[in-house]
*Asks:* 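Before I ask anything, let me first share the structure, which is written out below as structure tokens.
Remember, predicted model here, so these are calculated numbers, not experimental data. By convention in this document, chain letters (A, B, ...) are assigned in the order of the sequence lines, proteins followed by strands, and residues within each chain are numbered from 1.
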Protein chains: 2
Amino acid sequence: MTDSSLLAEERSSLSMPETPTLAHVARLAGVSENTVSRVIRDKGPIATETRRRVNDAIAQLGYVPNRAAGSLASSSSLIIGVILPSLSNIVFPEVLQGINAGLAGTPYRPMIGVTDYDLESEQHLISSLLAWQPAAIITTGFAHTDTARRMLEGSRVRIAELMDIDDRPIDLAVGLSHRQAGRAMARHLVNRGYSKIAYAGHDWASDRRAYARYQGLREGLGEAGLPLVAECRTEQASSTLEGRETLARLLAENTGIDAVAFSNDDMAVGGFMHCLAANISVPEDLALIGFNGLEIGQVLPKPLTTVLSNRFAIGKTAVEILLEDTKRPPDARIIDTGFSIIEGATA
Amino acid sequence: MTDSSLLAEERSSLSMPETPTLAHVARLAGVSENTVSRVIRDKGPIATETRRRVNDAIAQLGYVPNRAAGSLASSSSLIIGVILPSLSNIVFPEVLQGINAGLAGTPYRPMIGVTDYDLESEQHLISSLLAWQPAAIITTGFAHTDTARRMLEGSRVRIAELMDIDDRPIDLAVGLSHRQAGRAMARHLVNRGYSKIAYAGHDWASDRRAYARYQGLREGLGEAGLPLVAECRTEQASSTLEGRETLARLLAENTGIDAVAFSNDDMAVGGFMHCLAANISVPEDLALIGFNGLEIGQVLPKPLTTVLSNRFAIGKTAVEILLEDTKRPPDARIIDTGFSIIEGATA
DNA sequence: CTGTTAGCGCATTCAC
DNA sequence: GTGAATGCGCTAACAG
């Protein structure tokens with residue numbers, strides 16, 4: 001403290017730009033460090049006059065709290081750990097946008113990790129994020145390694161599991177029922193009079209929610225007494241390119257299909273491109289339905305019929321609930337952000 | 001230290017799951033904390049046997065270093081601050097993917113912030129990220145508020161300014177020359193025999209690089225003795241929807257155009273959709289060229305002619321260079337990741 | 001309403 | 001090659 005006690009003077013005489021600490025602010029404001037800390041964190045009663053003096057000192061020095069010190073002392077940080085399966089699929093950046101929106105105006109910052117749909121990788125990220133003693137960890141789905149689950153449950157950190165709600169969360173789940181979404185897709189096609197319905201999808205091993213929608217689709221068709229007449233899947237992750245190729249393959253190998261349900265909008269948009277290139281009239285020759293409600297689907301010459309999943313809302317809602325209470329509540333909570341059919345022109 | 005000294009015993013008898021610290025590892029390994037710290041950070045000479053004992057203890061206890069404590073003690077953290085203008089435009093998640101790839105296998109984690117193309121907002125984020133004493137801050141472009149620039153220059157933190165290379169960086173710039181990219185677009189159209197060239201763009205105020213490409217385009221046309229015959233811009237951010245509408249407006253207000261250069265691929269794909277809907281043959285009636293080389297452009301019935309910007313490489317390269325040396329080098333460095341024309345079928 | 005006293009868990013001097 | 005001491009800047013009990 002011997003040299004730092006000189007900071008205020010030095011600073012006002014514009015010499016050394018040493019970074020100011022609580023102690024400097026306290027000296028300048030003529031109060032104890034503790035009081036400054038209270039003002040900053042808005043904790044406990046503070047005299048209006050004291051608060052003003054402290055805030056003036058903070059402004060004058062351009063003081064910025066050292067987050068590492070704060071985290072160490074309080075054994076909890078203003079970090080929100082965010083674990084996403086991928087960044088290639090625009091859906092997850094949109095979730096992140098929601099998270100970011102929910103964090104706006106708060107001192108919390110997201111620290112991110114990407115698993116590439118790998119649970120081992122998720123486990124490493126969880127461990128590495130817990131090392132920061134974050135206020136919360138936001139991850140995707142209910143599938144975790146045993147170790148990962150133990151780490152999440154064992155920590156006092158708040159946990160949100162996003163996208164899905166068809167299982168029991170550790171703390172908080174925010175998302176929608178993919179099984180119900182799949183059934184809704186089936187019902188929509190059936191109601192429109194299609195009966196030769198096929199499926200074009202992508203890799204299920206990594207994307208469990210896509211599989212849940214597929215199951216829902218089959219259930220929905222079953223309830224209407226209809227079979228799934230054909231299906232074709234790529235081993236790859238979803239993309240417009242894969243969608244285009246998968247539909248081409250599906251149609252090459254089967255005839256008499258009147259509608260195709262896609263695993264998501266990327267695949268469906270790709271499918272639409274195949275139809276354009278192959279001169280197939282949509283929906284007269286072939287109806288298409290996707291899932292997600294991405295912008296690109298709505299800009300096609302015929303807007304894509306699809307199911308809106310509220311990615312932004314999922315991220316934002318999760319953060320809002322997590323920040324309501326830093327302590328994990330006694331029982332887990334599930335928020336259904338729902339879905340809705342977008343009645344486009346392709347089905 | 002009174003209670004924690006019991007941890008090792010407690011843990012092995014499976015009672016309290018208190019989180020282990022360096023001290024616990026040290027006791028179990030029968031060495032000093034210092035030595036454990038050295039092993040973990042791989043600093044200074046360590047006897048092979050000692051290293052083994054320490055690593056065993058770490059594994060046995062499931063020790064995970066407290067990052068806040070480490071940051072406080074070393075006054076620098078394993079955080080990389082990442083400031084992006086937006087997440088809606090897939091380009092920036094792709095940069096983030098590159099950053100993430102460059103960080104893979106290191107203990108560094110990205111902490112992110114989104115400016116929405118607002119410099120004031122960038123300034124706040126810089127200040128808020130500096131509070132974590134990050135190893136580096138990665139941001140976009142050369143435009144910053146004076147205060148922001150002062151903060152960046154004043155900190156000992158490494159700084160990368162991404163996407164652009166047409167100005168003097170603070171520490172490191174990684175990207176491409178947007179002016180040259182614009183000129184290349186012009187040259188390509190001219191070489192293909194188009195002479196009635198128009199421009200369809202989006203908001204320049206927020207996206208300075210789009211403006212640089214526009215200027216390059218005009219320069220390139222000028223060098224060929226050609227004028228820009230028409231232009232139309234939306235005040236909105238770029239999107240496929242805006243692209244579709246902007247091209248519609250451009251064509252409604254002008255006749256005789258034979259090629260349109262778009263501000264980016266989102267806009268160009270939207271433009272292509274307009275052509276499909278309006279029955280305009282591409283490229284016979286109208287040629288289209290974009291910028292970025294997004295996947296969606298290559299899945300159109302006719303692959304989009306565009307300019308590939310290496311977003312992933314930009315992020316990855318920046319991280320790799322930043323991690324080479326934690327200290328800012330005496331003079332700034334510029335890495336040109338280049339661009340290349342994708343010869344599609346639309347121009 | 002405010003000040004005092006102790007650490008938080010590590011990295012960084014130094015010794016040896 | 002290893003250990004002992006010191007403090008990073010802040011928050012969390014306590015008093016008063």
*Asks:* Residues in salt bridge (Lys or Arg N to Asp or Glu O under 4.0 Å) with B:D146, at least two apart?
*Replies:*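 B:D146: no salt bridge (Lys or Arg N to Asp or Glu O under 4.0 Å) contacts found.
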
*Asks:* For B:I46 and B:Q133, find the nucleotide of DNA chain D closest to each by heavy atoms; which residue's nucleotide sits nearer the 5' end?
*Replies:* B:I46

*Asks:* Going by an N to O cut-off under 4.0 Å, is there a salt bridge joining A:R51 and A:D42?
*Replies:* yes

*Asks:* Considering only residues two or more places apart or on different chains, which pairs with a residue in residues 95-115 of chain B satisfy side-chain hydrogen bond (donor to acceptor under 3.5 Å, both in side chains)?
*Replies:* A:S88-B:Q97

*Asks:* Where the side chain of B:R158 meets the backbone of B:L323, is there a donor-acceptor pair that is under 3.5 Å apart?
*Replies:* no

*Asks:* Dot-bracket for DNA chain D, 5' to 3', counting Watson-Crick or G-U wobble pairs under 3.5 Å, with [ ] for crossing pairs and | for inter-strand pairs?
*Replies:* |||||||||||.||||

*Asks:* Which nucleotide in the set C:dG9, C:dC1, D:dT11 lies at the smallest distance from any side-chain heavy atom of A:A47?
*Replies:* C:dC1

*Asks:* Of all residues at least two apart in sequence or in a different chain, which pass the side chain to side chain donor-acceptor pair (under 3.5 Å) check with A:D116?
*Replies:*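 Checked A:D116 against side chain to side chain donor-acceptor pair (under 3.5 Å); zero matches.
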
*Asks:* Does B:S75 reach a base, just sugar-phosphate, or nothing at all? Heavy atoms under 4.0 Å.
*Replies:* nothing

*Asks:* Do B:E161 and B:D167 come within less than 4.5 Å of each other through their side chains, counting heavy atoms only?
*Replies:*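 When only atoms from C-beta onward are counted, B:D167 and B:E161 do not touch, as no gap falls below 4.5 Å.
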
*Asks:* Please pick, from D:dG9, C:dA11, D:dT11, the nucleotide with the shortest atom-to-atom distance to any side-chain atom of B:S37.
*Replies:* C:dA11

*Asks:* Quick check: do A:I126 and A:T139 have side-chain heavy atoms less than 4.5 Å from each other?
*Replies:* no

*Asks:* Base, sugar-phosphate, or nothing: which does A:L22 touch, judged by heavy atoms less than 4.0 Å apart?
*Replies:* base

*Asks:* Could you list the residues that satisfy side chain to side chain donor-acceptor pair (under 3.5 Å) with B:N310, not counting sequence neighbours?
*Replies:* none

*Asks:* Using the side chain to side chain donor-acceptor pair (under 3.5 Å) definition, which of the options A:T50, A:T48, A:N55, A:D56 pairs with A:R52?
*Replies:* A:D56

*Asks:* For the side chain of A:R41, starting at C-beta, report the closest nucleotide among D:dT11, C:dT12, C:dC10.
*Replies:* D:dT11

*Asks:* Measuring from the side chain of A:P45 (C-beta onward, heavy atoms only), which nucleotide among D:dT11, C:dT2, D:dG3 has the closest atom?
*Replies:* C:dT2

*Asks:* Name the nucleic acid region contacted by B:T50, choosing base, sugar-phosphate or nothing; use a 4.0 angstrom heavy-atom cut-off, strictly under.
*Replies:*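 It contacts sugar-phosphate atoms only.
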
*Asks:* Just the table, please: protein N/O against nucleotides 13-16 of chain D N/O, every pair under 3.5 Å.
*Replies:*
residue : atom : partner : partner atom : Å
D:dA13  : N6   : A:N34   : ND2          : 2.8

*Asks:* State whether A:S32 places a side-chain N or O below 4.0 Å from either non-bridging phosphate oxygen (OP1 or OP2) of C:dT2.
*Replies:* no

